[in-house]
Amino acid sequence: VDKLNSSNIMNDSGEHGTQVTLFCIFAFSANDHYLVGGSIDGAIVVWELESGSRVLQCMRDGEGTTVYKWQSRSQKSRSPGPPPLGTVTSIDFSPSTEDSVFVCGTDGGRVVWWDIATKDWKIIGEDIHSRPVRNVKWSPDGKLIATTSLDSMIRVFNSTSLELLWSIDGGNNSSLGPLAFSPDSSRLVSSDSVFCVLMLDARTGQELGCFTGHEGIIYALAFESKGE
């Protein structure tokens, strides 16, 4: 992205002096207004694409974190952030083009909900995963948020109330990785470390099938446009 030059992405200024941040994952908002980057040290930075300027940044600050909020290029405020997150492992935006909301998963097992417009954050559940989060995914209809983890659990939450709707143990003492919703949001698939693809009813968690045949790790999953 041309407007996000190396100084915008790599350096922080002000109270922190100059600090290089190693980003490991990025995500664009559905309306293409924002880009979010997550780093190996738990920092989260949100840029406005049109101007290339930062609008929100969460960074480790002593024993906790601080959220910096930019009202303009030269004016920003600060407030307490969530507990230290660890490496950001996954980010996904709400599919609504009217929203500026995203979720991120971390290697500390936490999943955090962020609203760029209000600069609010919420931790989804408490210690919902006992091991690093592998993936977070918003359903196409915007109603569900799914998570997977190295603890072999799949959990699905109401995206409005953030309440847990259901969870299931993938079994086989295996870690779960990629996630994909069908286009109509009715089904959810994930894969595990023993090369099985598990299909579930996204509303209830009922198992609909388990597909085998791969002889190596499955890194990504997707439905074709008709959901077949």
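The cluster map of Ile, Leu, Val, Met, Phe, Trp and Tyr, joined by side-chain heavy atoms under 4.5 Å apart, puts V55 and V36 in the same cluster. Residues L208 and V189 share a hydrophobic cluster, clusters being chains of Ile/Leu/Val/Met/Phe/Trp/Tyr side chains in contact below 4.5 Å. A continuous path of hydrophobic side-chain contacts links I128 to W113 [ILVMFWY only; heavy atoms under 4.5 Å]. Linking Ile, Leu, Val, Met, Phe, Trp and Tyr whenever their side-chain heavy atoms come within less than 4.5 Å leaves L144 and V101 in two separate clusters. Tracing side-chain contacts under 4.5 Å through hydrophobic residues (I, L, V, M, F, W, Y), one reaches F157 starting from V111; they form part of the same cluster.
A heavy-atom distance below 4.5 Å is not found between the side chains of Y34 and L56. Side-chain contact between P82 and R110 is absent, with no heavy atoms from C-beta onward closer than 4.5 Å. The closest side-chain heavy-atom distance from P95 to P140 is not below 4.5 Å. Contact check for V156 versus R203: no side-chain heavy atoms found under the 4.5 Å cut-off. With contacts defined as side-chain heavy-atom distances shorter than 4.5 Å, the pair N31/E98 does not qualify. Side-chain atoms of T65 and P80, non-hydrogen and from C-beta on, never get closer than 4.5 Å to each other. Using a 4.5 Å cut-off on side-chain heavy atoms (C-beta onward), I154 and L198 make contact. Side-chain contact between V45 and R54 is present, with at least one heavy-atom pair separated by less than 4.5 Å.
Without hydrogens or angle criteria, S149 side chain to R131 main chain gives a donor-acceptor distance under 3.5 Å. No side-chain donor-acceptor contact under 3.5 Å links S130 to the backbone of D151. One N or O on the side chain of S90 and one on the backbone of V136 form a donor-acceptor pair closer than 3.5 Å. Distance alone, capped at 3.5 Å, places no donor-acceptor pair between the T106 side chain and the G86 backbone.
Residues T89 and D107 bring no donor and acceptor atom of their side chains to less than 3.5 Å of each other. Between the side chains of H129 and T147, a donor-acceptor pair is found at a separation under 3.5 Å. S152 and D169 are linked by a side-chain donor-acceptor pair at a separation below 3.5 angstrom, with hydrogens and angles left out of the test.
Among I168, V197, L179, N135, the single residue meeting the side-chain contact (heavy atoms from CB on, under 4.5 Å) criterion with S190 is L179. Tested against T87, the residues C24, P132, S39 include a single side-chain contact (heavy atoms from CB on, under 4.5 Å) partner, C24.
Considering all non-hydrogen atoms of both residues, S159 and W138 come closest at CB-NE1, 3.7 Å. Looking at every heavy atom in both residues, P183 comes nearest to F223 through CD-CB, 3.8 Å. Between S96 and A30 the shortest heavy-atom distance is O-CB, 3.9 Å. When every heavy atom of W166 is checked against every heavy atom of A202, the shortest pair comes out as NE1-O, 2.9 Å. Contact record, I91 with G37: CD1-C, 4.2 Å, taken as the closest heavy-atom pair. Of all heavy-atom pairs spanning Q57 and W70, the tightest one is CB-CZ3, 3.6 Å.
For NZ of K143, the number of neighbouring non-hydrogen atoms (other residues, nucleotides, ligands) closer than 6.0 Å is 12 at most.
From C58, atom SG reaches atom CZ of R78 across 12.0 Å, with rounding to the nearest 0.5 Å. Separation of atoms CD1 (I116) and CH2 (W47) is listed at 11.5 Å; rounding is to 0.5 Å. Rounding to the nearest 0.5 Å places OG of S139 at 9.5 Å from CG of L188. Put simply, CD on E48 and NE2 on H33 are 8.5 Å apart, with the number rounded to the nearest 0.5 Å. To the nearest 0.5 angstrom, M59 atom CE is 9.5 Å from T66 atom OG1.
Ring planes of F93 and F102: tilted class, angle from 30 to 60°.
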